[in-house]
2 protein chains.
Amino acid sequence: MSAATASPAPEVVHVGLGERAYDILIGRDALRAGEARLAALGARAAALVTDTHVAALHGVAVTRRLEAAGLRVVPCSVPPGEGSKSFSELARVTDRLLEGRIERGDLVVALGGGVVGDLAGFAAAILRRGVRLVQIPTSLLAQVDSSVGGKTGINTAAGKNLVGAFHQPSLVIADTSLLDTLPARELRAGYAEIVKYGLIDDPGFFGWCEANGRAVLAGGPERDHAVAVSCRAKAAVVVEDEREEGRRALLNLGHTFGHALERIVRYDGARLVHGEAVAIGLVLAFRFSAARGLCDAAEADRVARHLASLGLPTGLSDVPGGFGSPEALLDAMAQDKKVKAGRLTFILARGIGRSFVAEGVPGADVLAFLAAEAARGSAP
Amino acid sequence: MSAATASPAPEVVHVGLGERAYDILIGRDALRAGEARLAALGARAAALVTDTHVAALHGVAVTRRLEAAGLRVVPCSVPPGEGSKSFSELARVTDRLLEGRIERGDLVVALGGGVVGDLAGFAAAILRRGVRLVQIPTSLLAQVDSSVGGKTGINTAAGKNLVGAFHQPSLVIADTSLLDTLPARELRAGYAEIVKYGLIDDPGFFGWCEANGRAVLAGGPERDHAVAVSCRAKAAVVVEDEREEGRRALLNLGHTFGHALERIVRYDGARLVHGEAVAIGLVLAFRFSAARGLCDAAEADRVARHLASLGLPTGLSDVPGGFGSPEALLDAMAQDKKVKAGRLTFILARGIGRSFVAEGVPGADVLAFLAAEAARGSAP
């Protein structure tokens with residue numbers, strides 16, 4: 001632990017949402033530094049919601065931190081995996097928290113990846129009509145994306161995240177040392193969301209990713225930097241458009257395709273985890289942009305090349321077990337919550353770092369594009 | 001229908017909550033007058049959530065109004081009764097709404113009593129992380145209380161309304177002609193919530209109730225007046241303290257006792273409906289205040305006498321099947337969400353119209369009071 005003790009103070013990203021403002025602490029020693037922040041929240045108890053896998057890795061250490069901050073800890077573990085983002089698991093979690101007498105002034109601490117953050121965050125949003133939430137993301141994806149911005153939710157038969165709440169956390173602790181235990185595949189998947197920020201509006205950061213992507217995956221200061229840049233980018237968008245009535249939709253770059261692919265594989269993480277679906281979705285968004293004459297095909301190739309160089313999937317033929325058919329994929333997209341009045345909305349791009357919201361895209365165009373993509377090999 | 005056509009324009013109570021502001025239309029012709037308001041919301045579709053009982057009475061008429069306002073109607077019925085405020089019914093409703101392709105800009109219309117309003121309102125709060133809600137309350141209780149103020153939720157094993165959301169409606173249509181089909185018992189129960197507003201801070205209105213209570217139950221202009229006064233009183237409190245961090249707690253006068261009684265009878269409406277539990281709770285709150293030397297016992301007797309004169313229950317001995325024991329009742333109260341850090345909070349009164357929030361009431365005092373009440377007959 002001497003290396004951790006010698007770590008510099010964590011970087012602080014402030015999310016300036018007025019009365020819902022909060023800080024994100026980022027770094028290899030963020031948990032230790034977060035102790036005083038946790039104590040300052042003035043709660044008496046904290047429900048520690050995590051999954052059984054993360055509990056085994058970090059449960060004891062985080063419980064100690066919470067107790068050191070003066071909090072009575074009510075543990076609550078859910079099974080790992082997307083299947084826990086369900087009404088039945090949500091009911092189980094809220095029952096457990098009520099049993100544990102979590103009161104209005106208390107905290108729900110979400111310790112885990114995106115699934116735990118979305119589920120525990122939603123539970124916090126609706127328990128006693130809202131208790132405070134602390135996110136301690138343990139996956140790269142959660143640190144750079146899902147733990148920041150207040151989106152919480154569960155999946156239903158009709159699709160992913162179709163039921164949920166906007167519920168901003170009171171504190172986010174992105175301790176990058178927690179990522180040391182992550183499997184390589186999970187790290188890579190999270191990396192796709194980092195690249196996304198470059199592709200949206202920061203071409204310089206995309207260039208940095210091309211040069212440093214491997215170092216980000218390996219750990220070290222590049223990883224901390226990438227997490228901080230990502231959180232800052234996300235915070236800026238969220239502050240501008242908390243409830244996704246406009247600009248925040250840009251964060252869905254790659255996600256309309258990605259969510260549809262996840263639906264096609266029935267959220268089977270053995271086939272495709274979220275970040276992998278997003279990686280393919282990012283490439284498809286750029287290829288679709290190219291097909292519509294919005295950006296140069298070379299830009300799409302550059303995106304695909306970078307993601308592929310780090311072992312991420314980049315095309316429909318990379319979906320293990322197949323993606324069904326263009327028709328099935330379009331149908332899966334049409335159920336996405338970003339459909340307005342029956343028309344398809346995409347995030348498209350005029351080039352790397354030049355994304356925009358494209359509304360009213362005709363389904364026939366999407367279908368023709370998907371048919372062409374289906375015929376393509378995965379190599380850019 | 002000529003009488004309805006001749007009705008005066010509905011009274012409008014404005015709930016001034018800034019960007020969440022909305023109007024309540026009150027009167028015998030409010031539904032007809034509400035048509036233009038519904039159209040002005042600019043939605044394409046409306047999910048009409050109701051229960052099978054209300055659907056049979058008013059489903060066709062309200063569907064026609066919604067269609068006349070240009071809305072595609074997605075019907076969704078739940079079983080009548082408190083049992084529908086459950087996670088399983090909530091999941092069924094959201095699934096139905098997603099199947100019906102209710103999108104972000106669309107509406108959920110809650111047509112029914114408190115159960116439907118709370119359930120449909122919560123569904124609206126979490127569907128696609130929030131769609132707009134229109135309340136069309138069909139019970140007196142819902143018109144004067146639950147449809148206004150944005151509290152939504154469901155019950156869990158641990159208690160009533162322990163899971164939910166604050167989600168303000170975009171419009172409330174309190175058409176008092178809908179109350180003509182209410183059973184007398186339901187009307188009486190709702191009346192207890194009307195009396196509550198007088199008891200909180202409007203002694204003049206309580207006096208008006210004593211003089212006009214029977215006319216309110218019989219229908220006619222007194223009923224419309226009572227609904228309007230109640231909505232105005234509730235709106236004033238909600239505007240001041242939307243999320244119940246202070247003054248809004250006054251609206252819980254009678255409810256700490258009342259909720260505990262409902263829990264004791266396991267939400268069995270055959271034994272005790274909400275308003276009846278509140279009627280007993282109001283009397284207990286005043287008797288407890290008298291026992292604590294806060295107000296004159298004659299004030300408590302006056303409250304009990306008025307409620308009893310209209311056929312409402314007023315004491316523990318009026319609970320059909322018994323209320324268990326003082327210990328069981330205290331335990332049921334301790335699970336109430338208004339418990340802060342293990343101490344009991346009550347709304348007590350220094351007299352009629354002089355209620356206040358009393359925090360940190362010792363459990364032993366409550367127990368002694370309940371034991372004395374248990375020995376008392378129901379007549380004031």
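Reminder, nothing fancy here: chain letters follow the sequence lines and each chain counts from 1.
- Of the options A:Arg248, A:Gln168, A:Lys151, a side-chain hydrogen bond (donor to acceptor under 3.5 Å, both in side chains) to A:Glu242 is made by A:Gln168 and by none of the others.
- A salt bridge does not link A:Asp241 to A:Arg247: none of the charged side-chain nitrogens sits closer than 4.0 Å to a carboxylate oxygen.
- Chain A forms more heavy-atom pairs under 4.5 Å with one residue of B:Leu90, B:Leu127, B:Ile154, B:Asp106 than with any other, namely B:Leu90.
- A:Val134 has its side chain out of reach of A:Val108: every pair of non-hydrogen atoms, C-beta onward, lies at least 4.5 Å apart.
- Below 4.5 Å, heavy atoms of chain A meet no heavy atom from residues 71-78 of chain B.
- A heavy-atom distance below 4.5 Å is not found between the side chains of B:Leu107 and B:Val131.
- Note: B:Ala165 leads B:Ala165, B:Gly130, B:Ala45 in heavy-atom pairs under 4.5 Å with chain A.
- The contact between B:Thr152 and chain A is made entirely by backbone atoms, counting heavy-atom distances below 4.5 Å.
- Under the side-chain hydrogen bond (donor to acceptor under 3.5 Å, both in side chains) test applied with B:Asn155, the options B:Glu262, B:Glu82, B:Lys160 reduce to a single match, B:Glu82.
- With A:Lys234 contributing its side chain and A:Asp145 its backbone, the two residues share a donor-acceptor pair below 3.5 Å.
- Side-chain contact between A:Val15 and A:Arg20: absent, with no pair of heavy atoms (C-beta onward) separated by less than 4.5 Å.
- Looking at B:Ala91, both its backbone and its side chain come within 4.5 Å of chain A, counting heavy atoms on both sides.
- The shortest side-chain heavy-atom distance between A:Val148 and A:Tyr22 falls under the 4.5 Å cut-off.
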